[in-house]
Amino acid sequence: LGLLRPGGGQPFLRLRPSPSDNLPIKDIVEHPDPEYDPKEQDLDERTLRKKLGSHFDPGFMAVAVPGPANASGAEEAVAGRGRAALPAELRRLELGPAQGPRLRVGKKARRKVLQWLWAYTYCPVLYTWKDLGVRFWPRYIKEGNCLAEKSCSLPEGMFCKPVKSVTKTFLRWHCQGWSSQKYCTWIPVQYPLISECKCSC
C-alpha cells in the first residue's frame, strides 16, 4: 500500500495485489477533513454500479450495513473442519514407525486418526465484514483472516498463515489539489483479500 499526497491534497490509496504474508490490509489512515468526503450527489448507487460494472461482487461487497458474514467466527470455522474433505497428502499418509516393522491399522481406526489430524491442522478462512469508510464504494467488504490463536502442528510451532489471495475492484474517492481548487472523482482500485490459509512456519 502506498499513501501519496499529490499536490498537497488528500492522501489517496494506491492498492495493488500484495504478497499473501502482508494481508489482511491494515486500517487505512484517512485525511480527517470532511471536505475530502464525497457529497450526496457523488453517492448515487445507480451511477456507481454502472461505473464499477462487472466488478461488483455481492458475495464480498455490500452498499449498506450487511448481516453476519458467512462462516464468520472461529466456532463456525472449527465446526466446518468435520465437513471439509481430507487433503490428498493426508490420505496418502502412512501410519506407523519410520523404521522397523510396519504397523497394521484397521480402516476404521486409520480414518479416525486421519480425521483427527485434519481437524487439528485445518486452517479455515474466517470472514468478517469490514467498513472501509465513505471514501470507498461499495463501503463494506467481506475480509478473510486466518485462525492463528493456537499452533496447528504436531509438534507445536506452526500456525495458520495466508497462502493465496484474490483481488476485488472497488471505487475509491480521490481528490487532487488544494481544498479551494481541488478535483475529486471515483477511481478503480484493487483490494487484495485472503482466499486460503495453510498450516506453515
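Just so it is clear, the model here is predicted, and its values are computed rather than measured.
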Decide side-chain contact (heavy atoms from CB on, under 4.5 Å) for Leu171 and Leu48; before the verdict, give the C-alpha distance in whole Å, the side-chain angles of both, and the deciding distance to 0.1 Å.
CA-CA 8 Å; Leu171 297 177; Leu48 294 175; 3.9 Å; yes

Between Lys182 and Glu35, does the salt bridge (Lys or Arg N to Asp or Glu O under 4.0 Å) criterion hold? Intermediate values first, please.
CA-CA 10 Å; Lys182 68 181 184 302; Glu35 187 66 29; 3.0 Å; yes

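In this structure the side chain of Val189 never reaches within 4.5 angstrom of the side chain of Thr169, judged on heavy atoms. A 4.5 Å side-chain heavy-atom check between Cys146 and Ile194 finds at least one atom pair inside the cut-off. By the 4.5 Å heavy-atom criterion applied to side chains, Trp173 and Tyr36 are not counted as neighbours. Between Tyr140 and Val63 the shortest side-chain heavy-atom distance does not fall below 4.5 Å. Looking only at side-chain heavy atoms (C-beta outward), Leu193 and Ile141 come within less than 4.5 Å of each other. Side-chain contact check for Pro38 versus Val134: some heavy-atom pair is nearer than 4.5 Å.
In this structure, CZ on Arg172 lies 4.5 Å from CZ on Phe136, to the nearest 0.5 angstrom. Separation of atoms OG (Ser151) and CD (Glu156) is listed at 5.0 Å; rounding is to 0.5 Å. For the atom pair Lys51 NZ and Asp44 CG, the distance stands at 13.0 Å (nearest 0.5 Å).
A 6.0 Å sphere centred on NZ of Lys50 holds no more than 12 heavy atoms belonging to other residues, nucleotides or ligands.
A cation-pi arrangement is present between Arg49 and Phe56, with the terminal nitrogen or guanidinium carbon under 6.0 Å from the aromatic centre and inside a 45° cone about the axis.
Using cut-offs of 30° and 60° on the angle between ring planes, the pair Tyr191 and Phe170 is tilted.
Each salt bridge (charged side-chain N to carboxylate O under 4.0 Å, His left out) pair with one or both residues in residues 122-133, not counting sequence neighbours, appears once here: Asp27-Lys130, Lys130-Glu143, Asp131-Arg139.
For the cysteines Cys123 and Cys160, the sulfur (SG) atoms lie within a distance shorter than 2.5 angstrom of each other.
Residue Asp33 comes nearest to Arg135 through the heavy atom pair O-NH2, 3.0 Å, listed as atom of the first residue, atom of the second, then distance. Smallest separation of non-hydrogen atoms from Cys199 and Ser153: SG-N, 3.9 Å. Across Met61 and Leu52, no two heavy atoms sit closer than the pair SD-CD2, 4.3 Å. Smallest separation of non-hydrogen atoms from Cys152 and Ser200: SG-N, 4.5 Å.
Lys39 places a side-chain N or O within 3.5 Å of a backbone atom of Asp37 that can act as its donor or acceptor partner. Remark: the backbone N or O of Cys201 is paired with a side-chain donor or acceptor of Lys161 at under 3.5 angstrom.
The hydrophobic cluster containing Leu43 also contains Leu132, counting ILVMFWY residues as joined when their side-chain heavy atoms lie under 4.5 angstrom apart, directly or transitively.
Taking Phe159 as the reference, nothing meets the ring pair (Phe, Tyr, Trp, His ring centres under 6.0 Å) condition, with sequence neighbours excluded. With sequence neighbours left out, the side chain to side chain donor-acceptor pair (under 3.5 Å) criterion links Ser195 to no other residue.
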